[in-house]
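When a ligand or atom number is given, it counts from 1 through the structure's own listing order. This chain uses plain numbering: 1 for the first residue, then up along the sequence. We use all heavy atoms of the structure for the numbers below, so side chains are in, but hydrogens, waters and symmetry mates are not.
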Amino acid sequence: MHIHRRRGWEIPERLATPEAVVLGRRAVAGGLAAAAFARPAAAQWSLFGGKKTPPQELSPLTAPRNKTYEGGRAITPERNVSSYNNFYEFGMSKDVADAAQALPVRPWTIAIDGMVKQNRTIGYDDLLKQVKLEERVYRHRCVEAWAMTVPWIGFPLADLVRLAEPLAGAQYVVFHSLADEKTMPEVKQAWYPWPYTEGLTMQEAANELAFLSVGMYGKTMPPQNGAPIRLTVPWKYGFKSAKSIARVTFTDKRPTTFWEALQDSEYGFWANVNPAVPHPRWSQARERLLGSDEMVPTQIWNGYGPFVAGMYADKTNERLFA
Ligand SMILES: Nc1nc2c(c(=O)[nH]1)N[C@H]1C(S)=C(S)[C@@H](COP(=O)(O)O)O[C@H]1N2
Ligand SMILES: [Mo]
């Protein structure tokens, strides 16, 4: 098991992990002693259903690298990216990779509904036949002040939007992650607003950076990283990048996202990265590179301003950065 030793520069886990505060409070309101959260993650998953799930096998998956998008820093070792995760459906710790092996990735379908020409369901394999895969190295910045640089394999979100044929009045695209009580222990806990929900404006969804990832490091997506398909929006805090997407809805109403529903004052709809706007409980000025002790300065828009800043020029009344 991964044992976390805190170093001097690190944010105390108690402050850095939103759930410790937010969910602790909700759990108490829901009638569960907060002490239950102190349980080690391993105990949570190994007891679930009384059985341990064997690791899922990943398949080789390669695609030509798109050189427009350079990480600008060293690629994070794969073992760190696949063993330090946020996937609350499987537990609140970072140590959810074992539990996530139970994720039912096949068969997988994505429902497309709302303001579209026609509601439909696309099978994952069918979808992959209709898009062209590429590899992009993107930086990822979690709101908890850790960061990683990952070679994702996927396709532009704009391609899915095109296939969905949204109506002219659609203003937002909403992503719903799978919420499966049978395989995801936390989905049974009523104090969370399942399913995990995220959203983008149609303009953001059409931005060339917005990406749907189906693999990383030359292989299909590991369950713990959001198999078989996850959003990747690198100019926004990591929680915007919804994993294991099962449903995509087009609407003219701004959705309430999972983290907004839990704690609107700390996690808003826009959640664009900005080192100058601190989280209410910690600074966003710097970030820890996963797999090392290194702290580096955080960049506005996570360094992707040339691609995205123009979309927000007229949004002067919005809370764009938190
Ligand atoms: N469905 C779902 N998607 C999610 C999350 C989650 O808990 N559930 N966590 C988010 C957060 S906070 C981050 S930082 C990234 C982490 O992705 P990784 O585990 O692949 O690094 O996934 C995001 N997508
Ligand atoms: Mo995150």
Show me the donor-acceptor pairs within less than 3.5 Å that the side chains of residues 152-167 make with the rest of the protein, sequence neighbours left out.
unit_1, atom_1, unit_2, atom_2, d
Asp159, OD1, Arg162, NH2, 3.4
Glu165, OE2, Lys117, NZ, 3.3

| Under a 4.0 Å heavy-atom cut-off, what residues line ligand 1? | Asn85, Asn86, Phe87, Tyr88, Glu89, His140, Cys142, Trp146, Met148, Ser177, Tyr196, Asn225, Arg230, Gly238, Phe239, Ser241, Ala242, Lys243
| What residues, two or more places apart in sequence or in another chain, satisfy ring pair (Phe, Tyr, Trp, His ring centres under 6.0 Å) together with Tyr237? | none
| query | Does anything in residues 220-231 pair up under side-chain hydrogen bond (donor to acceptor under 3.5 Å, both in side chains), and if so which pairs, sequence neighbours excluded? | reply | Gln101-Gln224
| message | Using 30° and 60° as the class boundaries, would you call the ring planes of Tyr88 and Phe258 parallel, tilted or perpendicular? | response | tilted
| task | Could you check whether the rings of Tyr69 and Phe307 sit parallel, tilted or perpendicular, using 30° and 60° as the cut-offs? | result | tilted
| Do any N or O atoms from the side chain of Ser177 and from the backbone of Lys243 form a donor-acceptor pair under 3.5 angstrom? | yes
